[in-house]
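Atoms within each ligand, like the ligands themselves, are counted from 1 in listed order.
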Amino acid sequence: MVCLGNICRSPLAEGILKTKLSDKFFVDSVGTISLHEGKKPDKRAIKTALNNKIDISSQKSRPINNSDLENFDKIYCMDIDVYEDVISKAKNEEQRQKISLFLESAGNNHQNVEVPDPYWGNMQDFENVYQLLDDACNKIAHKLEQQMITEKN
Ligand code: 4NP
């Protein structure tokens with residue numbers, strides 16, 4: 001899960017997706033900037049997650065690195081700027097294929113493929129982002145579990 005600062009959207013997406021996948025999956029989140037490196041998620045993201053019974057308070061922000069593009073099978077980007085930034089870091093076609101817009105992968109229509117950044121907003125913006133991510137995570141989790149079954153057979 002990739003956003004800009006790795007303190008609002010992608011930590012929420014990480015926390016939510018983890019609750020929906022079996023333990024065969026490893027989920028992590030990163031940012032494209034290192035401004036908040038080592039910091040916990042934004043207080044409002046932690047509170048919003050807690051309101052929805054998820055604890056993301058032990059996560060720490062870190063910037064994306066070259067090993068992530070190599071090690072992870074799927075790289076989900078929260079908005080188009082993030083997507084373009086991550087695509088520009090890909091070294092080959094195999095890496096480019098892993099990178100997608102999170103909401104597009106979840107099946108949203110083309111008008112609605114960016115997770116709005118709640119950083120400059122209020123608690124309602126965080127809750128709205130939470131609900132958007134929760135809905136998309138349901139769809140992604142289902143897709144990933146299905147792919148896992150298909151790959152096994
Ligand atoms: P995020 O939100 O990308 O969802 O973590 C932001 C966090 C920090 C900043 C911008 C967006 N910032 O400018 O510091």
Side-chain angles (χ1 to χ4, degrees), residues 1-21 23 25-91 95-145:
M1 298 296 193
V2 195
C3 65
L4 182 67
N6 190 212
I7 55 168
C8 300
R9 292 165 294 175
S10 61
L12 283 169
E14 175 190 334
I16 296 167
L17 190 62
K18 276 179 172 164
T19 68
K20 299 183 190 286
L21 286 172
D23 57 10
F25 291 89
F26 179 75
V27 184
D28 199 4
S29 68
V30 293
T32 53
I33 59 171
S34 55
L35 188 65
H36 304 279
E37 189 164 6
K39 303 252 174 68
K40 283 176 187 288
D42 186 286
K43 283 193 176 72
R44 297 163 297 174
I46 293 176
K47 179 82 171 59
T48 303
L50 274 183
N51 290 344
N52 289 279
K53 305 193 168 50
I54 292 179
D55 183 5
I56 62 166
S57 64
S58 57
Q59 291 185 34
K60 294 267 183 327
S61 172
R62 72 173 179 90
I64 190 166
N65 61 48
N66 291 338
S67 319
D68 292 325
L69 289 163
E70 190 139 335
N71 294 338
F72 285 87
D73 298 314
K74 308 276 184 195
I75 298 170
Y76 297 119
C77 302
M78 295 294 131
D79 65 35
I80 292 167
D81 283 348
V82 166
Y83 174 83
E84 285 175 354
D85 204 345
V86 177
I87 278 282
S88 76
K89 297 178 198 297
K91 292 212 167 51
Q95 293 189 355
R96 273 188 287 279
Q97 290 292 329
K98 299 175 176 185
I99 305 163
S100 64
L101 277 165
F102 181 57
L103 294 183
E104 190 164 70
S105 286
N108 281 30
N109 65 34
H110 294 291
Q111 276 83 48
N112 188 16
V113 289
E114 297 198 279
V115 179
D117 194 340
Y119 184 69
W120 309 104
N122 58 29
M123 282 303 287
Q124 187 59 53
D125 297 310
F126 274 83
E127 180 60 28
N128 293 348
V129 162
Y130 186 97
Q131 295 305 329
L132 187 64
L133 291 172
D134 189 59
D135 181 51
C137 282
N138 280 333
K139 293 167 185 157
I140 292 282
H142 181 73
K143 245 171 102 166
L144 292 175
E145 296 284 4

*Asks:* Specify the protein heavy atom at minimum distance from atom 11 (C) of ligand 1: its residue, its atom name, and the distance to 0.1 Å.
*Replies:*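 Scanning the protein heavy atoms, the shortest distance from atom 11 (C) of ligand 1 goes to Asp117 OD2, 2.8 Å.
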*Asks:* Can His36 be said to touch ligand 1, with heavy atoms closer than 4.0 Å?
*Replies:*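 It does, in that a heavy atom of His36 comes within the 4.0 Å cut-off of ligand 1.
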*Asks:* Table please: side-chain donor-acceptor pairs of residues 100-108 below 3.5 Å, with sequence neighbours left out.
*Replies:*
unit_1, atom_1, unit_2, atom_2, d
Ser100, OG, Ser105, OG, 2.8
Glu104, OE2, His110, ND1, 3.4
Asn108, ND2, Asn112, O, 3.2

*Asks:* Taking distance alone, with no angle check, do Gly5 and ligand 1 share an N/O pair under 3.5 Å?
*Replies:*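 For ligand 1, there is an N or O atom that lies under 3.5 Å from one belonging to Gly5.
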*Asks:* Nearest 0.5 Å, please: how far is CG in Leu133 from CD1 in Ile16?
*Replies:*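 Here the rounded value is 5.0 Å.
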*Asks:* Taking NZ in Lys47 as the centre, count heavy atoms belonging to other residues, nucleotides or ligands within less than 6.0 Å. Is the count above 12?
*Replies:*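 Counting neighbours around NZ of Lys47, 12 or fewer heavy atoms of other residues, nucleotides or ligands fall under 6.0 Å, so no.
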*Asks:* For atom 7 (C) of ligand 1, state which one of Ile7, Leu35, Leu4 supplies the nearest heavy atom.
*Replies:*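 Going through Ile7, Leu35, Leu4 one by one, Ile7 has the nearest heavy atom to atom 7 (C) of ligand 1.
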*Asks:* Which residues pass the salt bridge (Lys or Arg N to Asp or Glu O under 4.0 Å) test with Arg62, sequence neighbours left out?
*Replies:*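 Result, salt bridge (Lys or Arg N to Asp or Glu O under 4.0 Å) vs Arg62: Asp28, Asp68.
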*Asks:* Closer than 4.0 Å to some heavy atom of Cys8 - which atoms of ligand 1 meet that?
*Replies:*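 Ligand 1 atoms under the 4.0 Å threshold to Cys8: 1 (P), 2 (O), 4 (O), 5 (O).
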*Asks:* Nearest protein heavy atom to atom 1 (P) of ligand 1, by residue and atom, and its distance?
*Replies:*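 Its nearest protein heavy-atom neighbour is Cys3 SG, 3.5 Å.
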*Asks:* I need the minimum non-hydrogen distance between Cys3 and Met78, along with the two atoms involved.
*Replies:*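 In terms of heavy atoms, the two residues are closest at CB-CG, 3.7 Å.
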*Asks:* Ignoring angles and geometry beyond distance, decide whether Ser10 reaches within less than 3.5 Å of ligand 1 through its nitrogen or oxygen atoms.
*Replies:*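 Between Ser10 and ligand 1 (N or O atoms, distance only) the closest approach is not under 3.5 Å.
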*Asks:* In terms of atom number and element, which parts of ligand 1 are under 4.0 angstrom from non-hydrogen atoms of Arg9?
*Replies:*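 Under 4.0 Å from Arg9, ligand 1 has these atoms: 1 (P), 3 (O), 4 (O).
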*Asks:* Can you tell me if Glu70 has over 12 outside heavy atoms packed within less than 6.0 Å of its CD?
*Replies:*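 Result for CD/Glu70: open.
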*Asks:* For the 3.5 Å polar cut-off, considering only N or O atoms, please tell me whether Ile33 and ligand 1 meet it.
*Replies:*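 For ligand 1, there is no N or O atom that lies under 3.5 Å from one belonging to Ile33.
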*Asks:* For Asp134, run the salt bridge (Lys or Arg N to Asp or Glu O under 4.0 Å) check against Lys53, Lys139, Lys20 and tell me which one passes.
*Replies:*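 When Lys53, Lys139, Lys20 are each tested with Asp134, the salt bridge (Lys or Arg N to Asp or Glu O under 4.0 Å) holds only for Lys20.
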